[in-house]
Amino acid sequence: MADKVRLRIAPSPTGDPHVGTAYMALFNKAFAHGRGGKFILRIEDTDQSRYNEGSEREIIESLRWLDLLPDEGPGIGGDYGPYVQTQRRELYTRHANELIEKGKAYRCFCTPQRLEEMRREQAARKEPPGYDRRCYRLSPQEIQANLDAGLPFTVRMLVPDEGSTAFTDLIRGEISFENRVLDDQIILKSDGLPTYHLAVVVDDHYMEISHIVRAEEWISSTPKHILLFQGLGWELPMFAHLPLLRNTDRTKISKRKNNTSIKWYRQQGYLPEAMVNFLALMGWSMPNGEETFTFEDVQREFTFERVTTSGPVFDLVKLTAINGKYIRLLSDGELYERLLPYLPEGLDEARVRQAVPVIKDRLTRLGEFAELTVYLFGPPPAYDAATLVPKKSTPEAARAALERIRQLLESIAEPWTHEEWEGGMRALAAELGMKAGDAFMVLRVAVTGSQTSPPLFESIEILGKEETLRRVDEALAKLGGTSDEG
RNA sequence: GGCGCAUUCGUCUAGAGGCCUAGGACAUCUCCCUUUCAAGGAGAAGAUCAGGGGUUCGAAUCCCCUAUGCGCUACCA
């Protein structure tokens, strides 16, 4: 393992691909690649009860979307496979047995019921919970008898009573734990599969992981892992614990209080590069203070010294602002291409391309495009006649103005431009003694169905004479002959 | 409860003893631009650096204590 740089993420395939996984992938890959190393994906599927079919594929798909694909992993290849833990069972059993032989672990025949009862009693006595080592005291004969009787068992690591286990966290510095506060953790479950603690140690060793870079929540497990590494006589990797992403209430980011699925962000139309930029801003910053940057920048500049130690709140508002910025940075052609997956079926390509520059500054997520432009691709949304009437005006005045606008409409020959239209409308407003804005507003509502819309004259240019005329007539009809809607 | 990690504007952060009467970004507010909404530009407001003790000529920066938050405390990861 000497001087190779190899980092990994080890997600569990338990549901939708999680933003926390992307967050870890970002820094692991950036550091590995920045140091000429490899970035590995390992699937930790040892909990069959939480296993989710398809989750592995979606994790990879999400990483691909974010351009954070690993160099090695399931379905990707590499010399250290298999990269799925259930395919490595034999390795874990072998080392669990090795630990038993070395006296660093022991079989435990306690039933889940007894363990639960034990914990309840400990809680009642206000004692810290932990295994009472009943099975550690079993004689060889008793153990053999249990084995012969076919009793199910787990394997527990034997934690020393004395001393302490310390390590240097690359981000936080020296961290130390008294061994006596460490539980005799189960490392091999009765179904023969390892728990996280054994699996992670065995795999990180065999996959020659040089730096374990994971979330803060693993700090308290680290001494157990170190004890296991040492028990097996293996060299220790480096450790770095990144801060945990938080909900607004500062608890660990969760599905209940946040959108944790990467799929959701993709569906909403967040750009992957905006997502990566935002995530990199959580707990890290560029040395030059630049806040808009690429993955390549992170790769080049990443150091553990610049990682913060407190958990950042995942702020959707800020992500959205960054996303809008990235959208505006796109050329019209690029934006059009990026929009494609978010467009409803059957939209006219030429018209979409015309709409892109008009809508770009108003877009914060690609998924918004369809909604912002409905009026360009179908009839305007329903609206009240009252909406047509500008403040401090009357339905009669609005109707009169609209009638004149209709005349103007008919008088201008196609192809028309928004400049022509604006000129015509300004002259008309002056003639009518209306404020230009009010005249525009009447037309705006007639054309878009709303008092707030993308630029009016560009919209009219896109819609064309016939359709605009139709909408003006419709508005006129709404205004009718009376003012009782007012 | 035990153990661990943390604590700078509402949020993300800069800051590694004097450059800090604490800087930037998002959000907020105001103004400009302007046909609405945006975008853009210019400003404003917003943090006695959790609190208290030290160390030092000098502390957001070093040490200690307290408080608070979070995490772990499963045959989940």
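The sequence lines fix the lettering, A, B, ..., with proteins before strands; numbering per chain opens at 1.
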Does T46(A) place a side-chain N or O at less than 4.0 Å from the phosphate oxygens OP1/OP2 of rA77(B)?
yes
Taking atom types as modelled and ignoring hydrogens, do the side chains of T364(A) and E368(A) form a donor-acceptor contact shorter than 3.5 angstrom?
yes
Indicate whether any N or O donor in one side chain lies under 3.5 Å from an N or O acceptor in the other, for T294(A) and D297(A).
yes
Under 4.0 Å, counting only non-hydrogen atoms across every strand here, what does Y196(A) touch: a base, just sugar-phosphate, or nothing?
base
Pair T260(A), N258(A): side-chain N/O donor-acceptor within cut-off below 3.5 Å
no
Base, sugar-phosphate or nothing for P455(A)? Non-hydrogen atoms, less than 4.0 Å.
base
Residue pair T251(A) / R256(A), side-chain donor-acceptor N/O under 3.5 Å
no
Sugar-phosphate only, base, or nothing, as touched by G130(A) at under 4.0 Å among non-hydrogen atoms:
nothing
Between the protein and nucleotides 69-72 of chain B, are there any N/O to N/O pairs under 3.5 Å, and if so, what are the atom names and distances?
unit_1, atom_1, unit_2, atom_2, d
rC70(B), O2', R246(A), NH2, 3.4
rG71(B), OP1, K252(A), N, 3.0
rC72(B), OP1, K252(A), NZ, 2.7

May I ask you to say what I175(A) touches in the nucleic acid, namely base, sugar-phosphate or nothing, with a heavy-atom cut-off under 4.0 Å?
sugar-phosphate
So, is the end of the R353(A) side chain (NZ or CZ) under 6.0 Å from the ring centre of Y336(A) and within 45° of the ring's axis?
yes
Residues pairing under ring pair (Phe, Tyr, Trp, His ring centres under 6.0 Å) where one sits in residues 171-192 of chain A, two or more places apart or in two chains, turn out to be none
Pick out the pairs of N or O atoms, protein on one side and nucleotides 43-48 of chain B on the other, that lie under 3.5 Å.
none

Just to be sure I understand the rule, does R180(A) reach a base, reach only the sugar-phosphate, or reach nothing, if contact means heavy atoms closer than 4.0 Å?
nothing
Remember a base hit wins even if backbone is also touched, and classify F278(A) as base, sugar-phosphate or nothing at under 4.0 Å, heavy atoms.
nothing
Provide the full list of salt bridge (charged side-chain N to carboxylate O under 4.0 Å, His left out) pairs with a residue in residues 152-172 of chain A, sequence neighbours left out, each pair given once.
R133(A)-D161(A), R172(A)-E216(A)
For nucleotides 17-20 of chain B, give me every protein contact, N/O to N/O, under 3.5 Å, one pair per line with atom names.
none

Between atom CG in N258(A) and atom P in rC12(B), what is the gap in whole Å?
13 Å
Base, sugar-phosphate alone, or nothing: which one does S285(A) contact when heavy atoms must sit under 4.0 Å apart?
sugar-phosphate
Can you pull the side-chain hydrogen bond (donor to acceptor under 3.5 Å, both in side chains) pairs that have at least one residue in residues 431-441 of chain A, sequence neighbours excluded?
R404(A)-E431(A)
Test ring pair (Phe, Tyr, Trp, His ring centres under 6.0 Å) applied to F304(A) - qualifying residues, sequence neighbours left out
F31(A), F302(A)
Base, sugar-phosphate, or nothing for P312(A), non-hydrogen atoms under 4.0 angstrom?
sugar-phosphate
Say whether S285(A) and R306(A), considering side chains only, have a donor N or O and an acceptor N or O under 3.5 Å apart.
yes
RNA chain B-proximal residues of residues 352-377 of chain A, any heavy atom under 4.0 Å
D361(A), R362(A)
Roughly how many Å is it from CG in L188(A) to P in rA74(B), rounded to a whole number?
18 Å
Distance alone, cut at 3.5 Å: any donor-acceptor contact between the side chains of K189(A) and T195(A)?
no
Looking for any heavy atom pair under 4.0 Å, which part of the strands does S176(A) touch: base, sugar-phosphate only, or nothing?
sugar-phosphate
At less than 4.0 Å, is any side-chain N or O atom of T195(A) found next to OP1 or OP2 of rC75(B)? Yes or no.
no
With heavy atoms under 4.0 Å as the rule, sort T309(A) into base, sugar-phosphate or nothing.
sugar-phosphate
What does the B/S/- profile of nucleotides 22-29 of chain B look like, 5' to 3', with a 4.0 Å heavy-atom cutoff to protein?
--BBSS--
Inter- and intrachain pairs under salt bridge (charged side-chain N to carboxylate O under 4.0 Å, His left out), touching residues 104-116 of chain A, at least two apart
R114(A)-D132(A), E116(A)-R120(A)
Who are the ring pair (Phe, Tyr, Trp, His ring centres under 6.0 Å) partners of Y206(A), not counting sequence neighbours?
H95(A), W234(A)
Measure OH/Y23(A) against P/rC12(B) and give the value in whole Å, please.
11 Å
Is the closest side-chain donor-acceptor distance between D47(A) and Y196(A) under 3.5 Å?
no
Give me the atom names and distance for the closest heavy-atom approach of L41(A) to P74(A).
O-CD, 3.4 Å
Given salt bridge (charged side-chain N to carboxylate O under 4.0 Å, His left out), test R42(A) with E44(A) step by step and report yes or no.
CA-CA 6 Å; R42(A) 181 172 70 227; E44(A) 310 231 318; 2.9 Å; yes
Give none if rU7(B) has no partner; otherwise give the nucleotide forming a Watson-Crick or G-U wobble pair with it, both distances under 3.5 Å.
rA67(B)
Taking any heavy-atom pair under 4.0 Å as a contact, classify T14(A): base, sugar-phosphate, or nothing.
nothing
Of all pairs that satisfy ring pair (Phe, Tyr, Trp, His ring centres under 6.0 Å), the ones with a partner from residues 354-377 of chain A, not counting sequence neighbours:
none
Rounding to an integer number of Å, can you tell me how far R444(A) CZ sits from rC37(B) C1'?
8 Å
Heavy atoms under 4.0 Å, any strand shown: does S310(A) hit a base, just sugar-phosphate, or nothing?
sugar-phosphate
